[in-house]
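Beneath this line is the structure, given in structure tokens, with notes to follow.
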Amino acid sequence: MLKTTLAAILILASFAAIAQSARHATKPDTNKLNTVTVQGYLSEKPLLSVPASVSVITAGQLKLQPDASLVSVMNTVPGVRMEERSPGSYRLSVRGSLLRSPFGIRDVKIYYDELPLTDAGGNTYLNTIDFNSVQGLEVLKGPDGSLFGANSGGVVLISPVNRFDKSNFVTAGFTGGSYGLVHENAGLQNVSKNNQFNFNQSYQTYHGYRVHSDMYRHYFQLSDKLTYGGVNSIKVLGFYSDLNYETPGGLTLAQVATNPRMARPSTPFVPGAIAQHAGITNKMTYGGVVNEWHITDRIRNVFAVYGTYVDFTNPFITNYEQRYERTYGMRTYFEFAGQQKSNFSWKANVGMEWSQTNADNNDYGNRFGVRDTAQSLDKVNTGTHFFFARYEETVANRLHVEAAASLNFYGYDFRNVYPQMQTAFTKQTFSPQVMPRIALSYQITNNFVWRASTSRGYSTPTSAEIRPSNNIINTSLQAQFGWNYETGFRLRSNDESVLLDVSAFYYHLNNAIVRRLNDDGTEYYTNSGDIKQPGLELYFSDWIIKPNDSGFIRGLQISESFTLSKFTFGNYHDATRGYTGNELTGVPRDVSVASAQVKFPQSLYLYAQYNATARIPLNEANTFYAPHYNLVQAKVGWQHQIGNKTRLEVFAGIDNLLNEYYNLGADLDAVGNRFYNPSALRNYYGGFNVKF
């Protein structure tokens, strides 16, 4: 498969080069496309010169994807793997960080605008956010704790508002599809001289491919930005999400062969998913305020405060979990810019971030979906804060150098309310850790930039790992850490219609946090050995025919995302055997995602995407693999202008065109070899969007 993928990339690149040379030399500047910029490093700058592995997903790219979930669009980013075991059940990996996440998202820091979405305990409820309320994404790959605190996987930045759209509008949309998919959304934006108000509402329900996989989500999002003093601003933003989804559970290979749509069945010893009403209910309220103050022309301050309340319920096979989580925090930084000179410029940032999560973690018996007697009731309070500083300079408009570091503090207090009835909290504190990052880029030509960086990753155990489903608080669990080394380059055309972005890296992770399972299916975590992660990432995009107003084909873009991950266990073992040299669980060796977008007259468009994913090791012994799969999806749409302001879009799409049997989210190291969560076969959707 790897040889085939590399050959396809070479063919694509050759075809693009031929097409590029055949373009009319008289039109390189008149059709110049918008420059892609990055905001992730505290101030906006062109993607070309950023000395880091960064991927940007624009609002335009989001519109080409099915709006049932973020999975498809996130998997177009090299180095990123997003899974959905059943509707609503997200997992997210950046460069192999999935090992610690049986469900949910850990070891990846996620921000909602300027505000942390990840709580102080390291957990992120990304599945609470509706697809249509995301207007852009940035993915910073590899450990980057110098500005964003302890993480060893990466950082994702979510833009809830399109900062480039300053128009007044009202929108409404509807999508319906196979397996009971219904997705409705509405929104409005009102822009005046000093104010931008944005509101979004959505409702989604989906019965799913498998039995016992219904989901629904009610979602409301608000943002209001007031500009004062000409350049200063204060912004209020937040959301409320009511998410509910059933979890059908993993199957054995024999059960998949018998009926891939079944839920985990009952046995004489353990009830199944339907009998226990296994599922998740998560009601989340999130809000914050961000103030940006330009003190002088060259000094700027951003100050943000936020808070979250989570009401989480999880009837599971072995227990009935309820969590009540309250998170509050702040983030602030100053930016100092030097006097701009013809051959030298500099900028510096200093700041801090602080957050606290106080949680009531309660486990009860699960009597066929009804909460039974208490098993363990705990209070766990987690606190984290860090200070960061960054300096960058550009010499002769060619050499860009960055140096940054953060000093990280982490600790938690816990008290067992039942059965031990403790009256005092036990305190666990981790030693402060420095996370440095050094990076540089050199602009060899105006359109070719080479880059290199070194950074330290450090990731503390999350609250869900400190107190896992075995109800035992693990005070011996320590942080994982390692160094990441990488280099790469970006190449673009003069009119920015072509972009090639290549990264090669080696990340050596020590003291890795890994999941273990007891015979009854309850989990616990431990530190075990190290993981070696060499990899290669490539992204290529080319507007072979740039958007225009004449001809039958009025725009043709191709793109290719390729990931090669030769991740293996180093000195790694459990109580009974060693796994040194084995492939890292849950990470395919290579992934290729190719796509094509075609624009036709009358605002017709066609988008097609092909995902080829290699086989995936399902356990540490590498005795079970999920087979490789090939996913093809396509979307066709028509946009029509009605009057001066009203625009109607009608679209239809197909997913899994080849009708592949595959798993988009296996249960890793599962007890009883119940690894498999079969995904939907060929399915369809259609709908409309209208903007007034």
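Heavy atoms only: backbone and side chains are in, while hydrogens, waters and symmetry mates are out.
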**Prompt:** Centres of the Phe239 and Tyr112 rings: under 6.0 Å?
**Reply:** yes
**Message:** Side chains of Glu138 and Tyr111 only: does a donor on one sit below 3.5 Å from an acceptor on the other?
**Reply:** no
**Asked** Do you see a donor-acceptor pair shorter than 3.5 Å between the side chains of Glu560 and Ser592?
**Response** yes
**Prompt:** Who are the side chain to side chain contact (heavy atoms under 4.5 Å, CB included) partners of Thr58, not counting sequence neighbours?
**Reply:** Val56, Gln61
**Asked** With Val80, which residues qualify under side chain to side chain contact (heavy atoms under 4.5 Å, CB included), at least two apart?
**Response** Met74, Val77, Leu92, Val94, Val139
**Item:** Side chains of Thr384 and Thr357 in contact at under 4.5 Å (non-hydrogen atoms)
**Value:** no
**Prompt:** Glu496 and Thr35: side-chain donor and acceptor closer than 3.5 Å?
**Reply:** yes
**Prompt:** What residues, two or more places apart in sequence or in another chain, satisfy side chain to side chain donor-acceptor pair (under 3.5 Å) together with Ser595?
**Reply:** Ser559
**Prompt:** Between Arg492 and Leu48, is there a donor-acceptor pair closer than 3.5 Å when you use the side chain of the first and the backbone of the second?
**Reply:** no
**Message:** According to side chain to side chain contact (heavy atoms under 4.5 Å, CB included), who are the partners of Asn474, at least two apart in sequence or on a separate chain?
**Reply:** Ser476, Leu477
**Request:** Report yes or no: does Asp530 contribute a side-chain atom to a donor-acceptor pair with the main-chain N or O of His508 at less than 3.5 Å?
**Result:** no
**Request:** Quick one: do Thr308 and Glu325 satisfy side-chain hydrogen bond (donor to acceptor under 3.5 Å, both in side chains)? Show the steps, please.
**Result:** CA-CA 8 Å; Thr308 309; Glu325 301 169 346; over 6 Å; no
**Request:** Answer yes if the side chains of Thr454 and Trp483 hold a donor-acceptor pair under 3.5 Å, and no otherwise.
**Result:** no
**Prompt:** Quick one: does Asp113's side chain have a donor or acceptor within less than 3.5 Å of a partner on Ile158's backbone?
**Reply:** no
**Asked** For Val302, does its backbone N or O pair with a side-chain atom of Thr332 as donor and acceptor, under 3.5 Å?
**Response** yes
**Request:** Evaluate salt bridge (Lys or Arg N to Asp or Glu O under 4.0 Å) for Glu537 paired with Arg95, printing each intermediate quantity in order.
**Result:** CA-CA 10 Å; Glu537 297 164 356; Arg95 292 185 175 175; 2.9 Å; yes
**Prompt:** Would you find a donor on one side and an acceptor on the other, under 3.5 Å apart, between the side chain of Tyr410 and the backbone of Pro461?
**Reply:** yes
**Main-chain N/O of Ser455 paired to Asn484 side chain as donor or acceptor, under 3.5 Å** = no
**Prompt:** So, Arg217 side chain and Asn127 main chain: donor-acceptor pair closer than 3.5 Å or not?
**Reply:** yes
**Prompt:** Between the side chains of Arg451 and Ser503, does any donor sit under 3.5 Å from an acceptor?
**Reply:** yes
**Prompt:** Taking atom types as modelled and ignoring hydrogens, do the side chains of Glu486 and Ser53 form a donor-acceptor contact shorter than 3.5 angstrom?
**Reply:** yes
**Prompt:** Is the backbone N or O of Met82 less than 3.5 Å from a side-chain atom of Asn75, with the two atoms forming a donor-acceptor pair by type?
**Reply:** yes
**Check: Val108 and Thr124 side chains under 4.5 Å, non-hydrogen atoms** = no
**Prompt:** Ignoring hydrogens and geometry, is there a side-chain-to-backbone donor-acceptor pair from Glu44 to Tyr41 under 3.5 Å?
**Reply:** no
**Asked** Are Tyr507 and Ile531 side-chain neighbours, meaning at least one heavy-atom pair lies under 4.5 Å?
**Response** no
**Message:** Using a 3.5 Å distance criterion without hydrogens, assess whether the side chain of Gln480 forms a donor-acceptor pair with backbone atoms of Ile513.
**Reply:** yes
**Asked** Taking it one step at a time, do Thr76 and Gln609 satisfy side-chain hydrogen bond (donor to acceptor under 3.5 Å, both in side chains)?
**Response** CA-CA 9 Å; Thr76 64; Gln609 181 173 297; 5.6 Å; no
**Request:** Not counting sequence neighbours, which residues clear side chain to side chain donor-acceptor pair (under 3.5 Å) with His385? List them please.
**Result:** none
**Prompt:** Taking C-beta and beyond as the side chain, do Ser49 and His400 meet within less than 4.5 Å on heavy atoms?
**Reply:** no
**Prompt:** What residues, two or more places apart in sequence or in another chain, satisfy side chain to side chain contact (heavy atoms under 4.5 Å, CB included) together with Phe481?
**Reply:** Arg456, Tyr458, Asn510, Asn511
